[in-house]
Structures are given as C-alpha cells and as structure tokens.
Amino acid sequence: MTIAPARHNGERGQTAWSDAQLLYALEEVVEKELNRHLKIAKDWMPHEYVPWSDGRNFAGVLDDGEPWAPEQSKVSDIGRIALVVNLLTEDNLPSYHHEIATLFGRDGAWGTWVHRWTAEEGRHGIVMRDYLLTSRAVDPDELERFRMAHMSEGFESDNSHSMLHSVAYVAFQELATRISHRNTGHHSGDPVCDRMLARIATDENLHMVFYRNLLGAAFELAPDQTMCAVRDVVTGFRMPGHGMPGFERSAARMAIGGIYNLRIHHDDVLQPVLRYLKVLEIGGLGPAGLAAQEELGLFMDGLDSQARKFDERQAAILARRQAKRG
C-alpha cells in the first residue's frame with residue numbers, strides 16, 4: 001500500500017496527517033501493543049463468576065416460575081441502578097464493534113486488535129447478565145425492555161468522524177468504564193458481584209493501557225492534531241450509555257451514590273491519562289496545538305472547581321439523609 005507523505009500545515013513545520021496516513025504510521029505501534037496485551041491478558045471464564053446455585057425459574061411460560069420482587073436482590077439500591085446502566089452500556093457492543101472496525105479497519109494488526117477487543121468485551125455482557133438474572137439482582141422484565149429500547153436506538157459516537165478523536169476518546173472511556181464497574185462492585189453489598197466486576201475492571205484497564213499508549217505514539221507523530229483531538233474529547237466527553245432510557249436520572253443517582261461523578265471523572269479518569277502522557281507539558285506545538293493545550297488546562301481547572309462544588313452538595317445531601325435515618 002502506498003501512503004502519500006503527510007502535508008505541511010504551515011505551523012512550525014508540522015504536518016497534517018490524514019486518517020489513512022495515521023493508521024499506516026501507527027501500525028507498528030498497534031502490533032507492539034497487541035503483542036504486549038496478549039502476553040499479559042489472562043484468560044477467564046464468565047460462568048465461573050456466576051452463583052448458579054442461587055438461580056430459579058422466573059414467572060412466565062414455566063409453570064413453577066416465581067415473579068421477581070425487590071427484596072430478592074442481594075445488592076444495594078444504588079448497586080441495582082449502576083448494574084443496569086453498566087450492563088446496558090456493554091449491550092451495545094455490536095455498535096461499538098461496527099464503529100471501530102470502520103475506523104481502524106479489519107486487516108493487519110489493527111484488525112486483529114479490533115476483533116480481540118470485541119471478543120474480550122463480549123465476556124463482560126455475558127457474565128453481568130448471567131449474574132443479574134441468576135441472583136435476581138434486578139427486575140428482569142424491566143432490564144429486557146431497557147435493552148430493547150437502547151439497542152433499537154443504536155449508538156453513534158461523537159468521535160466517529162476522526163480516527164484520532166476516537167483513539168483519544170477510548171483512552172479515557174475505557175478508564176471511565178473500569179472505574180464505574182469497580183465502584184459499582186464496592187457499593188453493591190454483594191461480595192460475588194464485587195468479585196465479578198473486579199474481573200471486568202481488570203480487562204477495561206488493559207484496554208485503557210493499549211489506547212493510552214497508542215495516543216502517546218500519536219502525540220509523537222502529530223502533536224498539534226492529537227492535542228486538538230484530546231481537547232475536543234475531554235471538553236465534550238460523554239459516556240457511551242448516554243442515550244439509554246432514563247440515563248440522566250440514573251447518572252444523577254450514581255453521582256450522589258459515589259459510583260461516578262465530577263470528582264471521580266476529574267481525579268480518577270481525566271487526570272491519570274493526562275499526567276501519564278504529560279499532555280499539558282508537551283512542547284514544540286504550533287499555534288493550533290498551543291491554543292488547544294491552553295484550553296485544555298483551563299477546562300481542567302474549571303472542572304476541578306465544579307467538582308469541589310459537587311463535593312459540597314453531595315456532602316450536604318448525604319448528611320440530610322443520615323439525619324433522617326437517625
């Protein structure tokens with residue numbers, strides 16, 4: 001395959017790369033990261049994390065079925081909310097696969113990674129649904145109605161227009177998903193659920209490392225373009241489940257419940273990736289890159305201020321709840 005050289009954009013001699021050029025230029029990095037991933041990723045069996053002995057028939061076509069009731073669930077109220085959001089997010093895997101396969105291609109190291117990532121992510125939806133239904137953690141009828149509504153809408157990423165934007169997005173989003181799963185496990189009240197979500201979070205962390213390292217390589221090739229992409233992704237970040245039924249209400253309750261909120265987003269998702277790649281310290285940028293870097297720094301400062309205000313509101317809400325219980 002012949003790739004035309006990247007063209008100069010007139011800014012400090014930097015060059016503008018097309019998606020095709022970047023895909024080709026980053027192929028060796030993808031292969032290296034893929035090989036590293038395959039060496040350290042441990043195989044695991046979803047069925048081993050499900051308490052099958054707790055299972056029994058649901059009401060419906062089976063004569064001995066038992067209707068679901070909230071008191072049958074071992075998980076906390078906030079755990080049920082977060083588990084549904086997390087599973088519905090995983091359910092849209094076909095749409096995610098379509099997006100990255102279209103952007104990254106199906107050939108070479110890129111294609112191998114796309115299919116491997118999809119296969120690993122598939123385990124997450126399998127084990128979560130099996131756990132939820134077997135343990136009667138959530139209303140199965142409501143869960144299925146939500147799944148149908150969410151998947152019928154499909155998913156279109158805010159970043160599907162650009163390979164660099166997509167790489168930047170998943171570098172943060174994989175970490176956000178890991179944090180959401182891990183916190184859901186901690187707040188679930190069920191050690192079985194906590195162990196299952198810890199296993200899923202391990203996968204998500206490895207996926208984050210792959211994309212984070214790829215993003216670092218992109219900074220070396222196209223610093224201005226990559227900085228602009230990171231700026232756009234960070235300032236406009238949305239979780240992939242934003243289109244599911246009742247997402248805003250569920251997200252608000254998850255925020256108050258300590259699953260995922262502004263403080264967590266700032267401290268545990270955005271800052272670790274930005275610090276690791278030293279994004280706000282990168283030099284040699286042209287005017288566009290410098291402007292994006294400055295805007296990114298200002299945004300992070302503003303987000304930290306918003307997070308402090310949220311922390312105060314959250315503390316007040318939790319104090320009022322505690323007072324009512326006492």
Side-chain angles (χ1 to χ4, degrees), residues 6 9 11-12 14-17 19 21-23 25-37 40 100 103-104 109-110 113 117 157-159 162-180 182 201-240 262-304 307:
N9 64 9
E11 295 177 355
R12 290 191 177 180
Q14 291 196 23
T15 53
W17 296 74
D19 279 1
Q21 290 166 338
L22 281 168
L23 285 167
L26 289 169
E27 179 93 23
E28 287 187 12
V29 180
V30 172
E31 184 174 5
K32 174 186 173 184
E33 290 302 316
L34 173 62
N35 290 334
R36 180 196 54 78
H37 176 85
I40 62 177
I100 66 171
L103 277 166
F104 300 156
W110 281 103
W113 167 253
W117 175 88
S157 169
D158 296 329
N159 304 290
S162 159
M163 172 266 190
L164 267 181
H165 282 72
S166 296
V167 170
Y169 175 74
V170 289
F172 295 103
Q173 183 268 322
E174 293 282 5
L175 183 53
T177 304
R178 171 209 165 189
I179 296 296
S180 180
R182 202 69 192 93
T202 298
D203 279 2
E204 302 290 7
N205 194 63
L206 292 179
H207 297 163
M208 178 277 293
V209 170
F210 178 95
Y211 287 118
R212 183 196 65 192
N213 292 350
L214 190 58
L215 185 61
F219 266 115
E220 294 180 8
L221 284 174
D224 270 23
Q225 286 176 257
T226 306
M227 186 66 72
C228 290
V230 169
R231 183 268 319 275
D232 294 344
V233 164
V234 169
T235 58
F237 186 88
R238 296 194 296 175
M239 289 294 275
L262 283 177
R263 173 55 61 203
I264 292 169
H265 184 60
H266 178 277
D267 291 0
D268 300 336
V269 176
L270 299 182
Q271 283 283 34
V273 175
L274 294 176
R275 283 201 189 110
Y276 184 88
L277 297 176
K278 297 181 172 58
V279 172
L280 296 180
E281 302 169 25
I282 292 174
L285 297 168
L290 283 170
Q293 189 180 50
E294 181 179 358
E295 186 177 345
L296 184 60
L298 291 172
F299 176 84
M300 291 299 293
D301 289 342
L303 186 62
D304 188 41

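Just so we're clear, the structure is a prediction, and the values are computed from it rather than from any experiment.
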Verdict with supporting geometry, T177 and M239, side-chain contact (heavy atoms from CB on, under 4.5 Å): CA-CA 8 Å; T177 304; M239 289 294 275; 4.3 Å; yes
S180 side chain to A176 backbone, donor-acceptor under 3.5 Å: no
Under 3.5 Å donor-acceptor, E33 side chain and Y211 backbone: no
From NE2 (H266) to CG (L303), nearest 0.5 Å: 5.5 Å
Least distance between heavy atoms, L22 atom then A222 atom: CD2-CB, 4.4 Å
Closest approach of D224 to G286 (non-hydrogen atoms, all atoms of both residues): OD1-N, 2.9 Å
Which atom of A288 lies closest to which atom of C228, heavy atoms considered: O-SG, 3.8 Å
Aromatic contact, W113 with F104 (centres under 6.0 Å): no
Inter-residue atom distance M208.CE - N213.CG, 0.5 Å rounding: 8.5 Å
Within-4.5 Å side-chain heavy-atom neighbours: E174 and V209: no
Rounded distance (nearest 0.5 Å) linking atom OG of S166 with atom CG of D158: 10.0 Å
Intermediate values then yes/no, side-chain contact (heavy atoms from CB on, under 4.5 Å), E27 and V30: CA-CA 5 Å; E27 179 93 23; V30 172; 5.6 Å; no
Q293 side chain vs I282 backbone, donor-acceptor pair below 3.5 Å: yes
Separation of S162 OG from Q225 CD (nearest 0.5 Å): 8.0 Å
Residues, nucleotides or ligands: over 12 heavy atoms within 6.0 Å of E31 CD: no
Salt bridge (Lys or Arg N to Asp or Glu O under 4.0 Å) pairs, two or more places apart, involving residues 289-300: R231-E295
For A25 against L221, the heavy-atom pair lying closest together: CB-CD1, 3.7 Å
Any M163 side-chain heavy atom under 4.5 Å of L26 side chain: yes
Atom pair CG/CG of L274 and L296 - distance to nearest 0.5 Å: 5.5 Å
From L23 atom CG to L164 atom CG, the distance as rounded to the nearest 0.5 Å: 9.0 Å
Option among L214, N159, I100, V233 that satisfies the side-chain contact (heavy atoms from CB on, under 4.5 Å) test with V167: L214
Residue pairs involving residues 267-292 (criterion salt bridge (Lys or Arg N to Asp or Glu O under 4.0 Å); sequence neighbours excluded): R263-D267
Which residues share a salt bridge (charged side-chain N to carboxylate O under 4.0 Å, His left out) with D203, sequence neighbours left out: R199
pair M300-V234: side-chain heavy atoms closer than 4.5 Å: yes
Audit row: R182, E204, side-chain contact (heavy atoms from CB on, under 4.5 Å) steps and yes/no: CA-CA 10 Å; R182 202 69 192 93; E204 302 290 7; over 6 Å; no
Pair F237 + Y169: ring centers closer than 6.0 Å: yes
